[in-house]
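First up is the structure itself, then whatever we jot down about it.
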Protein chains: 2
Amino acid sequence: MSEDQSCIIHHFSHYCSLSKEEKELLVTLEESPTDIKSGALLWEIGDSANEFCTLKSGWAYSYRHLENGDRQILEIYLPGDIIGLREFAFSQRLENVRMITNGVVCHFPHKRLLEIFRLSVPLTSVMFAIASRHQALTTERLITLARRSARQKTAHFLYEMHARLSQTNSHLDGKFKLPLSQEQLADILGLSPVHVSRTFSLLSEEGLVYRDRHNVTIPNLEALAAAGEFDECYLNDNVRPLFEACA
Amino acid sequence: MSEDQSCIIHHFSHYCSLSKEEKELLVTLEESPTDIKSGALLWEIGDSANEFCTLKSGWAYSYRHLENGDRQILEIYLPGDIIGLREFAFSQRLENVRMITNGVVCHFPHKRLLEIFRLSVPLTSVMFAIASRHQALTTERLITLARRSARQKTAHFLYEMHARLSQTNSHLDGKFKLPLSQEQLADILGLSPVHVSRTFSLLSEEGLVYRDRHNVTIPNLEALAAAGEFDECYLNDNVRPLFEACA
DNA sequence: CGATCACTTGACTTACGTCAAAATCTGTGG
DNA sequence: CCACAGATTTTGACGTAAGTCAAGTGATCG
């Protein structure tokens, strides 16, 4: 596998420029890529947790069921993301993970992370930075879910997806494919499916978001960011150069 | 400063037994303890982020303001907690942090963390484990805030506080001091202050929680856990031994 | 002993949920 | 190319948890 094809290297390079050795170390995390079908489970709550996955292609999501049968989707994973970081401290899975589309994942055991710790301070720092960025993302979503209106939640989510996709796919230009049903959107946003439908209608009337099946068009990104009170800071802008760590 | 007084060592020991050298390394993180008054800001959003704090004593909380003036409290910090992990990847603070009570904090620069990365794989693992446990906590709160009723939110929060306090203070036995106003509770739980008041009345009528000023009494912990749909897993039970890392 | 602050209680409003029916899309086989 | 079945999505009527406003009741403190 060439380094250029590795989306994990692409992901890491975002934080810090990497030496050849570090790249080689990372490439080993993406051995044995496995095809996986849309709708398939990667793992379930309670499964033993001793590995991470990198998502080479496709979308996935993690979720939990509540006692009343509601489902909360916790995270949407996009190509290049690492799945399962959350459970490094635990012996069991704390959440279910399921593929949204067909995709390819690579498994690597937690032990490999310890090797990284041993071999490269820069990569360790990047892993830590990724975890902390992840945390920032979750926090932002927490604020949105706890406090904001359906309109703001939806705008915020769509803007976030666009922003995250832009990172790897530079010329989206306000258009992207969102392979999620409204029921799934409801489970992400903490709304009912019918209210998601109404909210999309509203956003469309306002000219903020047009949607045809799974194709989303955002004519004015700034307007949508404003509608969702989206705070740029937490995603990219201030990602720390970490040059001290890498130098 | 003796090692026995160090609450950071106590905190870390929870994850993994530490060698003498590692303890010494940790103790250096708690140099220069600083008194800090109730209500004082540790930092504000936008401040440059180049250090963590350990909280030796007292309570603190992090928060953000929304555009409509609402405030969301993101995290309550208890003695032994590390504040500011979230911002390791960022150059600026993403949230405000304020003391709830008088307390003592110790500052240590991000660079020290890189030293830890360099010097000790076990400590690096523990740092990572702490970050991942933190993430688990935030995720659980996200689910609660997004999906559950005021009664469940309140029960969940109180149970969580009790559980976290029990970790360092073994014989609480259902009684503890909660130095938070109902307005602050509202800002944590995503409710209005008046609804917090009503919810406490309800919990009290149900015999689940009694409260006199800032003193909370929980006669039946299991009943409260059930009311809040509290899932033990995510806090302690499954914290990974990490022996492989330490051995 | 007022003055200020935190909490409680009640009346009314609102955003979102629920239920159920209608409309639309998707795919399959004839 | 059409017909039909099963999902999704939309629309409408109605219910409810929690918000808002405002007045009242305690605490705490100079």
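Just so it is clear: chains get the letters A, B, ... in the order the sequence lines come, proteins before strands, and each one is counted from 1.
Pairs of residues two or more places apart, or lying in two chains, that qualify as side chain to side chain donor-acceptor pair (under 3.5 Å) and include a residue from residues 207-228 of chain B are B:Gln182-B:Arg211. Residue pairs meeting the salt bridge (Lys or Arg N to Asp or Glu O under 4.0 Å) criterion with at least one member in residues 171-200 of chain A, sequence neighbours excluded: A:Arg71-A:Asp187, A:Asp187-B:Arg147. Among pairs with a residue in residues 39-50 of chain A, none fulfils salt bridge (Lys or Arg N to Asp or Glu O under 4.0 Å), at least two apart in sequence or across chains.
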Using a 4.0 Å cut-off on protein heavy atoms (strictly under), produce a 5'-to-3' string for nucleotides 19-28 of chain C with B for base contact, S for backbone-only sugar-phosphate contact, and - for none. B-----SS--
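Look at CG on A:Leu145: it is 12 Å from P on C:dC16, rounded to the nearest Å. Computed from coordinates, the A:Arg148 CZ to D:dG19 P distance equals 17 Å when rounded to whole Å. Rounded to whole Å, the distance from CG on B:Asp212 to P on C:dA6 is 17 Å. Rounded to whole Å, the distance from CG on B:Leu202 to C1' on C:dG10 is 17 Å. Rounded to whole angstrom, the span from the CZ atom of A:Phe200 across to the C1' atom of D:dT9 amounts to 12 Å. Going from atom CD of B:Gln182 over to atom P of D:dA27 covers 13 Å, rounded to whole Å. Put simply, CG on B:Asp70 is 7 Å from P on D:dT20, counting in whole angstrom units. When the C1' atom of C:dG17 is taken as reference, atom CG of A:Leu189 falls 15 Å away, rounded to whole Å.
When the side-chain nitrogen and oxygen atoms of B:Ser197 are compared with OP1 and OP2 of C:dT9, none of them lie within a distance under 4.0 Å. Here A:Gln184 does not reach the OP1 or OP2 of D:dT8: none of its side-chain N or O atoms lies under 4.0 Å away. Taking side-chain N and O atoms only, A:Arg211 has a distance below 4.0 Å to OP1 or OP2 of D:dT10.
The residues B:Glu140 and A:Arg64 are annotated as salt-bridged, a charged nitrogen and a carboxylate oxygen being separated by less than 4.0 angstrom. A salt bridge does not link B:Glu160 to B:Lys153: none of the charged side-chain nitrogens sits closer than 4.0 Å to a carboxylate oxygen.
Without hydrogens or angle criteria, A:Ser197 side chain to A:Pro193 main chain gives no donor-acceptor distance under 3.5 Å. Listed for the B:Gln167 side chain is no donor-acceptor partner under 3.5 Å among the backbone atoms of B:Arg164.
Remark on DNA chain D: of its neighbouring residues A:Pro193 and A:Arg147, the 5'-side contact belongs to A:Pro193, judged by nearest-heavy-atom nucleotide. Residues A:Val196 and B:Ser192 each lie close to DNA chain D; by heavy-atom proximity, the contact nearer the 5' end of the strand is made by A:Val196.
Over its length, the helix from C:dC1-D:dG30 to C:dG30-D:dC1 turns its helix axis by 40°, as judged from the five terminal pairs at each end, rounded to 10°.
For the residue pair A:Thr138 / B:Gln135, a side-chain donor-acceptor distance below 3.5 Å is found, with atom types taken as modelled.
Applying the ring pair (Phe, Tyr, Trp, His ring centres under 6.0 Å) test to B:Phe108 and every residue at least two apart in sequence or in another chain returns B:Phe52.
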